[in-house]
Amino acid sequence: DVVNDYAATGVRGPADIVAQFTSAYAFGCEADDPLTSLAFDSSRMPGGAQLNALFSSDIGHWDVAEMAHVLPEVYEHIEHGWLDLDQLRAFTCDNAMRFYTASNPNFFTGTILEHHVHSAPNATG
């Protein structure tokens, strides 16, 4: 007998794998990572999918000499044409909000972001 180690996953084909990666995972990306744009490039992803990329600051890392330089590096994605403004918003804000509210819909209740959470577009996924 051949043992199928993946039978319990419920995966029956490529679409199941895409669904898993686009709905159950979030991918942290640093400000200066040019590969971040791949998460939003639906022309290069199966089924036109987009991944849930989240801005993950490297401010606390040993190699960040000046904290004030980190956030401007995020905007370089626009300057280089790697992301458009909607994608940048998804990367720096909307995807993170969806990440936190997926497990706790009231995560931002009572904060300054509460109104934004309810008015933000569903950026990716």
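Index from 1, following the sequence. Remember, it's a predicted structure, so these values are computed and weren't measured experimentally.
In terms of the side chain to side chain donor-acceptor pair (under 3.5 Å) criterion, Asp32 has no residue partners (sequence neighbours excluded). Under the ring pair (Phe, Tyr, Trp, His ring centres under 6.0 Å) criterion, Phe107 pairs with Tyr100, sequence neighbours left out. Residues passing the ring pair (Phe, Tyr, Trp, His ring centres under 6.0 Å) test with His61: none are found, sequence neighbours excluded. For Ser56, there are no side-chain contact (heavy atoms from CB on, under 4.5 Å) partners two or more places apart in sequence or in a different chain. Considering only residues two or more places apart in sequence or on other chains, Met67 meets the side-chain contact (heavy atoms from CB on, under 4.5 Å) condition with Ile59. Under the side chain to side chain donor-acceptor pair (under 3.5 Å) criterion, Ser43 pairs with Asp41, not counting sequence neighbours. Qualifying ring pair (Phe, Tyr, Trp, His ring centres under 6.0 Å) partners for Tyr25, counting only residues two or more places apart in sequence or in other chains: Phe21. With sequence neighbours excluded, the residues forming a side-chain contact (heavy atoms from CB on, under 4.5 Å) with Ala31 are Phe55, Val70, Glu73, Val74, listed by chain and number. Here Ser103 pairs with nothing under the side-chain contact (heavy atoms from CB on, under 4.5 Å) rule; sequence neighbours left out.
In this structure, Phe108 and Thr101 have side chains that are in contact, with non-hydrogen atoms separated by less than 4.5 Å. In this structure the side chain of His80 never reaches within 4.5 angstrom of the side chain of Ser37, judged on heavy atoms. Looking only at side-chain heavy atoms (C-beta outward), Trp82 and Thr36 stay at 4.5 Å or farther from each other. With a 4.5 Å cut-off on side-chain heavy atoms, Asn52 and Phe99 do not count as touching. Between Glu114 and Asn106 the shortest side-chain heavy-atom distance does not fall below 4.5 Å. Side chains of Thr22 and Gln50 form no contact here, defined as non-hydrogen atoms less than 4.5 Å apart.
Here the CD atom belonging to Gln87 is positioned 4.0 Å from the CG atom belonging to Asp84, to the nearest 0.5 angstrom. Here NE2 of His77 is found 7.5 Å from CG of Leu88. Values are rounded to the nearest 0.5 Å.
Legend: side-chain hydrogen bond (donor to acceptor under 3.5 Å, both in side chains) pairs involving residues 6-15, not counting sequence neighbours: none detected.
Using a distance-only test at 3.5 Å, with no hydrogens or angles considered, a donor-acceptor pair links the side chain of Asn95 to the main chain of Ala53.
The other residues sharing a hydrophobic cluster with Leu38 are Leu35, where clustering joins ILVMFWY side chains under 4.5 Å apart.
Across all their heavy atoms, Gly10 and Asp16 have their closest contact at O-OD2, 3.7 Å.
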